[in-house]
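So you know, we letter chains A, B, ... as the sequences are listed, proteins then strands, and number each from 1. Worth saying up front: this structure is predicted, and the values here are computed from it rather than measured.
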Protein chains: 2
Amino acid sequence: MRSEDLDLLRELPLFQGISDAGFRELTQAAFLQRFPAQVTLINEGEHADFLHVVLEGLVEMFARDRQRESVLTIVQPVSTFILAAVITDEIYLKSARTLVASRILMLPAASVRKVFAEEPSFARAIVAELGFRYREVVRELKNQKLRTGAERLAAWLLGQSHAAGGARELTLPFEKRVLASLLGMTPENLSRAFATLAAYGVTSSGKRVRLDDPDALANLSRPSHFIDEWKNGD
Amino acid sequence: MRSEDLDLLRELPLFQGISDAGFRELTQAAFLQRFPAQVTLINEGEHADFLHVVLEGLVEMFARDRQRESVLTIVQPVSTFILAAVITDEIYLKSARTLVASRILMLPAASVRKVFAEEPSFARAIVAELGFRYREVVRELKNQKLRTGAERLAAWLLGQSHAAGGARELTLPFEKRVLASLLGMTPENLSRAFATLAAYGVTSSGKRVRLDDPDALANLSRPSHFIDEWKNGD
DNA sequence: CTTCTGATTTGATAATTATCAATTTTGAGA
DNA sequence: TCTCAAAATTGATAATTATCAAATCAGAAG
């Protein structure tokens with residue numbers, strides 16, 4: 001494992017407060033793997049044996065129930081995923097699959113729980129992380145229950161634009177069918193939602209999307225501090 | 001504050017590991033209030049100043065976006081709510097309102113954060129609680145994204161039945177319009193969902209519901225360990 | 001550059017869910 | 001027990017979303 005990767009890890013808020021000994025404990029039995037796109041890393045229902053960290057690439061977390069499948073979140077570098085399952089020593093509630101070629105660091109769950117039990121600062125960092133993640137899911141649940149498909153798309157586009165420093169031209173980081181599932185709709189529906197948003201200045205060709213009238217979009221979806229995380233700090 | 005109430009609190013997993021001093025710190029500035037039904041305790045967007053504990057009664061957590069409103073969870077005694085907002089020192093993402101007359105204990109957020117910073121065992125208990133809650137919301141998000149309305153109702157009824165020791169006769173603990181919103185549908189729709197479930201042995205009159213054919217119901221909604229918390233431990 | 005598979009779009013239709021309106025029912029309080 | 005406002009149901013219709021099928025498009029492999 002390269003020391004730059006360790007540095008990346010060390011810089012995450014989650015790992016900043018740990019002692020060097022604790023950090024070594026966590027990382028000594030860790031291993032790094034490269035995966036091509038479309039590789040399943042985790043199957044929901046399996047016992048949580050590793051805390052995963054995306055160092056590079058893109059991972060989708062999804063769930064299935066009978067025929068249906070839905071993308072729940074997209075994990076970008078550098079961040080961990082399935083911390084809650086690891087720390088509660090439970091099964092995974094989501095499956096994970098690489099969207100593009102990715103470098104994934106895997107920390108043994110037992111080590112994570114050991115350091116968690118021994119180092120109060122790690123426990124506190126985990127609280128901060130879990131608290132934040134909890135709130136993320138609550139926001140997403142509200143997004144799903146309170147907005148229509150087109151509104152969710154509008155809000156998502158505005159969020160992407162915000163993340164890109166207010167850019168009016170975006171490039172979708174993944175396929176539209178993934179976005180559709182993330183937003184809780186079918187690909188056909190997403191296509192029509194884009195058509196609907198044309199009236200609000202949204203034009204798209206392939207993965208390139210232009211937002212010519214962000215105000216109109218905002219008026220449609222009313223981004224809210226209470227739903228859209230990116231609205232904070234404005 | 002009655003000492004029995006303190007005992008109730010002390011018995012919650014969240015507070016069990018704390019030192020007596022820490023527990024005193026938490027509870028000295030706490031206060032207990034009785035509220036009639038339909039009183040708003042929290043408005044989303046407000047800063048989280050108290051950790052609330054339902055000692056008696058029933059509280060609904062809900063959120064609004066423009067015209068729409070949706071019930072996100074129902075909090076039963078004895079449990080805390082909005083721990084995540086308190087611990088991250090943030091605004092509430094949900095509003096809270098009593099469904100019936102309730103006794104609510106309010107612990108100052110500052111005390112909670114102080115004891116959290118000082119007592120590793122409390123930090124660890126909070127991790128356990130947040131981890132569990134996080135997983136609850138993930139389950140709910142999956143419930144929403146992967147199931148139809150009628151399926152959600154079926155799964156909910158089976159969950160209630162399970163909680164009542166497998167009883168085939170249930171009494172709804174709150175109004176149907178609340179249940180409708182919790183399940184992510186309109187009251188009209190819930191009414192029709194009940195009609196749909198008649199074919200699966202569900203009969204209801206008022207708040208009384210009978211499940212004559214739980215197997216058929218289960219076949220419809222396929223309760224899953226990965227969505228329905230109550231399926232665990234079977 | 002071409003080929004070809006899979007993604008996306010479009011069209012037609014069905015299923016699901018929401019809305020609006022009108023009854024009917026229920027349950028709390030007089 | 002009676003009254004009455006709110007809750008629940010029912011009916012009619014609209015909006016939203018899903019499904020199926022076909023056509024088009026795009027991007028990776030050769």
Side-chain angles (χ1 to χ4, degrees), chain A residues 36-38 60 65-71 97-101 143-155 170-199 202-209 220-221, chain B residues 36-38 60 65-71 97-101 143-157 170-199 202-209 220-221:
Chain A
Q38 300 302 327
E60 64 172 335
D65 190 59
R66 299 204 255 170
Q67 302 301 332
R68 300 163 215 158
E69 182 177 306
S70 184
V71 175
R97 162 204 305 147
T98 55
L99 274 176
V100 300
N143 192 35
Q144 283 293 325
K145 291 185 80 174
L146 295 169
R147 285 175 171 160
T148 66
E151 287 170 359
R152 292 196 295 275
L153 173 58
L170 306 171
T171 302
L172 303 183
F174 36 76
E175 290 170 340
K176 282 186 179 170
R177 62 190 186 80
V178 174
L179 177 59
S181 182
L182 178 66
L183 295 177
M185 50 180 126
T186 58
E188 294 94 329
N189 227 330
L190 176 65
S191 195
R192 285 168 183 129
F194 266 109
T196 300
L197 295 194
V202 177
T203 48
S204 68
S205 88
K207 287 211 161 79
R208 195 140 280 136
V209 181
L220 175 67
S221 74
Chain B
Q38 300 302 327
E60 64 172 335
D65 190 58
R66 299 205 254 171
Q67 302 301 332
R68 299 163 214 159
E69 182 177 305
S70 184
V71 175
R97 160 205 305 148
T98 55
L99 274 176
V100 299
N143 193 35
Q144 283 294 325
K145 291 186 79 175
L146 293 169
R147 286 176 172 161
T148 66
E151 287 170 358
R152 291 196 296 274
L153 173 58
W156 186 87
L157 287 172
L170 306 171
T171 302
L172 303 183
F174 36 76
E175 291 171 341
K176 282 186 178 169
R177 61 190 186 82
V178 174
L179 177 59
S181 182
L182 178 66
L183 295 177
M185 48 180 128
T186 58
E188 294 95 328
N189 227 331
L190 176 65
S191 196
R192 287 168 182 129
F194 266 109
T196 300
L197 295 194
V202 176
T203 47
S204 67
S205 89
K207 287 210 160 81
R208 194 140 281 136
V209 181
L220 174 69
S221 74

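- Atom CD in Q144(A) sits roughly 13 Å away from atom C1' in dT17(D) (whole-Å rounding).
- Inter-residue side-chain proximity for V209(B) and F194(B) is flagged as met; some heavy-atom pair is nearer than 4.5 Å.
- Between E175(B) and K207(B), the closest side-chain pair of non-hydrogen atoms falls below 4.5 Å.
- Each end of the helix from dC1(C)-dG30(D) to dA30(C)-dT1(D) yields a helix axis from five base pairs, and these two axes differ in direction by 50° (to the nearest 10 degrees).
- Here the closest non-hydrogen pair linking S70(B) and S181(B) is CA-OG, 3.3 Å.
- DNA chain D is contacted by T186(A), E188(A), N189(A), R192(A) of residues 186-196 of chain A, taking any non-hydrogen atom closer than 4.0 Å.
- When the P atom of dA18(C) is taken as reference, atom CD of Q67(B) falls 16 Å away, rounded to whole Å.
- Counting to the nearest Å, the C1' atom of dT17(D) and the CD atom of E151(A) are 14 Å from each other.
- For the atom pair CG of L179(B) and CG of L157(B), the computed distance is 7.5 Å after rounding to the nearest 0.5 Å.
- Side-chain atoms of S205(B) never come within 3.5 Å of backbone atoms of R208(B) as a donor-acceptor pair (strictly under, hydrogens ignored).
- Separating the NZ atom of K145(A) from the C1' atom of dA18(C) is a distance of 15 Å, rounded to the nearest angstrom.
- Between S204(B) and G184(A), the residue anchored closer to the 5' end of DNA chain D is S204(B), taking for each the nucleotide with the nearest heavy atom.
- What separates CD of E69(A) from P of dT19(D) is a distance of 13 Å, to the nearest Å.
- Whole-Å rounding puts the R208(B) CZ to dT26(C) C1' distance at 13 Å.
- In this entry the distance linking CE of M185(B) with C1' of dT16(D) reads 16 Å, nearest Å.
- Put simply, the residue from L99(A), L182(A), L183(A) that forms a side chain to side chain contact (heavy atoms under 4.5 Å, CB included) with V71(A) is L182(A).
- Note: T148(B) OG1 to L220(B) CG = 6.5 Å, rounded to the nearest 0.5 Å.
- Note that CZ of R66(A) is 10.5 Å distant from CG of L146(B), once rounded to the nearest 0.5 Å.
- Side-chain atoms of F174(B) and E60(B), non-hydrogen and from C-beta on, never get closer than 4.5 Å to each other.
- Between K207(A) atom NZ and dA28(D) atom C1' there is a gap of 12 Å when expressed in whole angstrom units.
- A donor-acceptor distance shorter than 3.5 angstrom exists from the side chain of T98(B) to the backbone of Q38(B), with no hydrogens or angles considered.
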Evaluate K145(A) against R68(B) for side chain to side chain contact (heavy atoms under 4.5 Å, CB included), listing each step before the verdict. CA-CA 9 Å; K145(A) 291 185 80 174; R68(B) 299 163 214 159; over 6 Å; no
Whether each nucleotide of nucleotides 2-7 of chain D has a protein heavy atom under 4.0 Å at its base (B), only at its sugar-phosphate (S) or at neither (-) is summarised, 5' to 3', as -----S
